[in-house]
Amino acid sequence: MITMKDIIREGHPTLRKVAEEVTFPLDDASKQTAQDMLEFVKNSQDPELAEKYDLRPGVGIAAPQIDISKRFIAVYLSEEENDGQEFSRIMFNPKIISHSAGKTALPTGEGCLSVDRKVAGIVPRAARVKIQYFDQDGQKHEERLRNYPAIVVQHEIDHLNGVLFFDRIDPDNPLALPDDVELLG
Ligand SMILES: O=C(O)C[C@@H](Cc1ccccc1)[C@H](O)SCc1ccccc1
Ligand code: NI
């Protein structure tokens, strides 16, 4: 199982690389790793398991965060976290194929399992995105996301491009709310 010791931290070069696309048919190792990543995110939200294995709560993880510079992510939002509908995805070669002009941000800013410090500031992201990704069988999916799932998936896709959340904070005015950004309510 994946634990915090497997997660690389700010300063590790892999976090700043553009990850390689995966090719299909997927090798078994990538399939297993992706499933382990989803299990990690779910475990991290279980108070008992998080305590037992010293896991930091997370809602998503990208392969580069466990030093695998390949383009796949896992996201898990429970019903409680996502307006009564569970959002659980493993995405291979995810990409944003279109997005709204309008932006959104979490009022509390963002954190990252690979960043062991608090970085305050508004992280503007597209309010709505249309993404394309492949599942482990190589089936293509297209999905429109908004609200929290949209924010989390954009945070994870950023990891595939070597981008960390604080790269998106305005250094001159980190807490300012840009005119075109609506806070997620
Ligand atoms: O480091 C990661 O990629 C996991 C982040 C994902 C994230 C997405 C959107 C906004 C903030 C972070 C972790 O989930 S950070 C910890 C966390 C846990 C619960 C809710 C928000 C953040
Ligand atoms: Ni992160």
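Atoms within each ligand, like the ligands themselves, are counted from 1 in listed order.
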Problem - Under 3.5 Å donor-acceptor, Asn93 side chain and Val22 backbone - result: yes
Fill in the blank from the handout: Taking every heavy atom of Val181 against every heavy atom of Ala105, the minimum-distance pair comes out as CG1-CB, 3.8 Å
Practice task
Identify the heavy atoms of Pro64 and Leu15 that sit nearest to each other, and give their distance.
Solution key: O-CD2, 4.2 Å
Problem - Around the Ni ion (ligand 2), number of protein N/O/S atoms which are nearer than 2.8 Å - result: 3
Practice task
With rounding to the nearest 0.5 Å, note down the distance linking OG in Ser114 to CE in Met4.
Solution key: 7.5 Å
In a simple table, one pair per line, please give the protein and ligand 1 atom names for every N or O pair closer than 3.5 Å, along with the distance.
{"from": "ligand 1", "atom 1": "1 (O)", "to": "Gln65", "atom 2": "NE2", "distance (Å)": "3.0"}
{"from": "ligand 1", "atom 1": "1 (O)", "to": "Leu113", "atom 2": "N", "distance (Å)": "2.8"}
{"from": "ligand 1", "atom 1": "3 (O)", "to": "Gln65", "atom 2": "OE1", "distance (Å)": "3.2"}
{"from": "ligand 1", "atom 1": "3 (O)", "to": "His155", "atom 2": "NE2", "distance (Å)": "3.1"}
{"from": "ligand 1", "atom 1": "3 (O)", "to": "Glu156", "atom 2": "OE1", "distance (Å)": "3.0"}
{"from": "ligand 1", "atom 1": "3 (O)", "to": "Glu156", "atom 2": "OE2", "distance (Å)": "2.8"}
{"from": "ligand 1", "atom 1": "3 (O)", "to": "His159", "atom 2": "NE2", "distance (Å)": "3.3"}
{"from": "ligand 1", "atom 1": "14 (O)", "to": "Val59", "atom 2": "N", "distance (Å)": "2.9"}

Handout entry: Electrostatic pair Glu10-Arg117, nearest N-O below 4.0 angstrom
Key = yes
Practice task
Flag the pair Glu156 and Arg89 as a salt bridge only when some basic side-chain nitrogen lies within less than 4.0 angstrom of an acidic carboxylate oxygen.
Solution key: no
Exercise for the section: Hey, can you tell me if Phe134 and Phe24 have their rings parallel, tilted or perpendicular (30° and 60° cut-offs)? Expected result: tilted
Fill in the blank from the handout: salt bridge (charged side-chain N to carboxylate O under 4.0 Å, His left out) pairs touching residues 73-86, sequence neighbours excluded, are none
Problem - Qualifying ring pair (Phe, Tyr, Trp, His ring centres under 6.0 Å) pairs with a residue from residues 69-118, counting only residues at least two apart or across chains - result: Phe72-Phe92
